[in-house]
Amino acid sequence: MDISSMMEETGAVLKGHFQLTSGRHSDVYLEKFRLLEQPDIVNEIGRQMAKAVEGINVDIVLGAAVGGILISSATANAFGKKGIFAERVNGELTLRRGFELASGDRVLVVEDIVTTGGSVLELLNIVKSCGAQPAAVVCLTDRTADGIDFECPTKALVKFPAISWDPETCPLCEQNEPLTSRGRTGK
């Protein structure tokens with residue numbers, strides 16, 4: 001299955017004026033939950049993420065709440081490895097619920113949509129602070145123009161570069177287009 005086609009078919013690609021989790025504005029929004037509400041698609045995403053980093057030694061898969069829970073779990077399942085997630089507490093991603101990373105664990109960081117890479121960097125900091133090692137990063141969609149160097153192998157299932165702007169320079173704001181904030185994580 002082609003993820004880009006699934007995004008279109010499920011209505012995951014929206015056009016308008018959106019505030020992204022990063023705080024930036026864009027004329028395109030990817031509503032990942034149109035994909036993630038369908039178990040067969042979630043499982044396919046997990047299989048494709050595992051395949052994207054095939055050959056890389058992974059001990060544990062780490063994602064971020066909320067959307068990252070489903071895809072990191074599906075990816076962990078495809079690998080046959082343990083899957084855990086971090087969640088925001090007072091604005092910071094942290095491991096809770098008894099989740100732990102051990103020193104030396106090789107951790108695959110799974111992300112849904114990368115725009116600025118901020119959440120991935122937070123997850124990588126958690127990995128390193130536990131003495132574990134980042135094995136790789138894999139994301140469902142990379143919205144950046146040129147990718148981001150996370151200092152470990154990085155793969156994206158879909159490259160979907162979309163223009164985004166700082167709110168101060170957003171041309172849609174200048175045109176008084178109504179702004180929509182969908183599914184923001186409170187970051």
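What's counted below: heavy atoms across the whole structure, side chains too, no hydrogens, waters or symmetry copies. Numbering starts at 1 and runs along the sequence shown. Since the model is a prediction, treat every value here as computed from it, not as a measurement.
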Inset, instruction - Can you spot which of Arg143, Lys15, Gln19 makes a side-chain hydrogen bond (donor to acceptor under 3.5 Å, both in side chains) with Ser26? - result: Arg143

Legend entry - Between CG on residue Leu101 and CG on residue Leu95, distance to nearest 0.5 Å: 5.5 Å

Legend entry - Pro167 versus Cys173, closest heavy-atom pair with distance: O-SG, 4.2 Å

Legend entry - Thr169 (side chain) donor-acceptor with Trp165 (main chain) under 3.5 angstrom: no

Inset, instruction - Determine whether Val110 and Leu35 fall in the same hydrophobic cluster, where Ile, Leu, Val, Met, Phe, Trp and Tyr are linked whenever their side-chain heavy atoms lie under 4.5 Å apart. - result: yes

Legend entry - Full working for side-chain contact (heavy atoms from CB on, under 4.5 Å) between Val61 and Lys82: CA-CA 6 Å; Val61 178; Lys82 182 165 125 179; over 6 Å; no

Inset, instruction - Please round to the nearest 0.5 Å and tell me the distance separating atom SG of Cys130 and atom CG of Leu62. - result: 9.0 Å

Inset, instruction - Check the surroundings of atom CD in Glu100: do more than 12 heavy atoms from other residues, nucleotides or ligands lie under 6.0 Å from it? - result: no

Legend entry - Donor-acceptor contact below 3.5 Å, side chain Asn77 vs main chain Ser73: no

Legend entry - Atom pair CD1/CG of Ile41 and Leu70 - distance to nearest 0.5 Å: 12.5 Å

Inset, instruction - Indicate yes or no: at least one non-hydrogen side-chain atom of Val53 is less than 4.5 angstrom from one of Pro153. - result: no

Inset, instruction - Report yes or no: do Ile60 and Val58 belong to one cluster of Ile/Leu/Val/Met/Phe/Trp/Tyr joined by side chain heavy-atom distances under 4.5 Å? - result: no

Inset, instruction - Verify whether one side chain among Arg24 and Ser164 offers a donor that lies under 3.5 Å from an acceptor in the other. - result: yes

Legend entry - Side-chain donor or acceptor of Asp105 paired with backbone N/O of Val107 under 3.5 Å: no

Inset, instruction - Report the C-alpha distance between Thr141 and Leu157 in whole Å, list the side-chain angles of each, state the deciding distance to 0.1 Å, and finish with yes or no for side-chain contact (heavy atoms from CB on, under 4.5 Å). - result: CA-CA 6 Å; Thr141 306; Leu157 299 187; over 6 Å; no

Legend entry - Over 12 non-hydrogen atoms of neighbours within 6.0 angstrom of CG in Asp40: yes

Legend entry - Side-chain donor or acceptor of Lys81 paired with backbone N/O of Leu108 under 3.5 Å: no

Inset, instruction - Provide the closest heavy-atom pair for Met49 versus Leu140 in the form atom of the first, atom of the second, distance. - result: CE-N, 3.1 Å

Inset, instruction - Answer yes or no: is there a donor N or O on one side and an acceptor on the other, between the side chain of Arg106 and the main chain of Asn57, under 3.5 Å? - result: yes

Legend entry - Derivation of the side-chain contact (heavy atoms from CB on, under 4.5 Å) call for Phe18 and Asp27: CA-CA 6 Å; Phe18 303 99; Asp27 60 351; over 6 Å; no

Legend entry - Path from Leu30 to Ile45 over hydrophobic side-chain contacts below 4.5 Å: yes

Inset, instruction - Identify the two heavy atoms, one from Val13 and one from Glu8, that lie closest to each other, and give their separation to 0.1 Å. - result: CG2-OE2, 3.7 Å

Inset, instruction - Go through the steps to decide whether Val158 and Asp142 satisfy the test side-chain contact (heavy atoms from CB on, under 4.5 Å), and finish with yes or no. - result: CA-CA 6 Å; Val158 177; Asp142 180 353; over 6 Å; no

Legend entry - Exercise: identify the closest heavy-atom pair between Gly46 and Ala78: O-CB, 3.6 Å

Inset, instruction - With rounding to the nearest 0.5 Å, note down the distance linking CD in Glu122 to CG in Leu93. - result: 4.5 Å

Legend entry - Shortest non-hydrogen contact from Val42 toward Ala74: O-CB, 3.4 Å

Legend entry - From CA spacing to verdict: salt bridge (charged side-chain N to carboxylate O under 4.0 Å, His left out), Lys51, Glu54: CA-CA 5 Å; Lys51 186 175 181 180; Glu54 199 169 51; over 6 Å; no

Inset, instruction - Verify the cluster assignment for Ile84 and Ile69: are they in a single hydrophobic cluster under the rule of side-chain heavy atoms below 4.5 Å apart? - result: yes

Legend entry - Gln38 side chain near Thr10 side chain, heavy-atom distance below 4.5 Å: yes

Legend entry - His17 versus Cys170, closest heavy-atom pair with distance: NE2-SG, 3.4 Å

Legend entry - Salt bridge flag under 4.0 Å for residues Lys32 and Asp112: yes

Inset, instruction - Report whether Ile163 and Leu172 are members of the same hydrophobic cluster (ILVMFWY, side-chain heavy atoms less than 4.5 Å apart, transitive linking). - result: yes

Legend entry - Validation row: Ile148, Val120 side chains within 4.5 angstrom (heavy atoms): no

Legend entry - Within-4.5 Å side-chain heavy-atom neighbours: Thr180 and Tyr29: no

Inset, instruction - Could you tell me whether Glu92 atom CD has more than 12 heavy atoms of other residues or ligands within 6.0 Å of it? - result: no

Inset, instruction - Can you label the angle between the Phe99 ring and the Phe85 ring as parallel, tilted or perpendicular, going by 30° and 60°? - result: perpendicular

Legend entry - Straight-line distance of Leu123 CG to Lys128 NZ, nearest 0.5 Å: 11.5 Å

Legend entry - CD-NE2 distance between Glu168 and His25, expressed to the nearest 0.5 angstrom: 8.0 Å

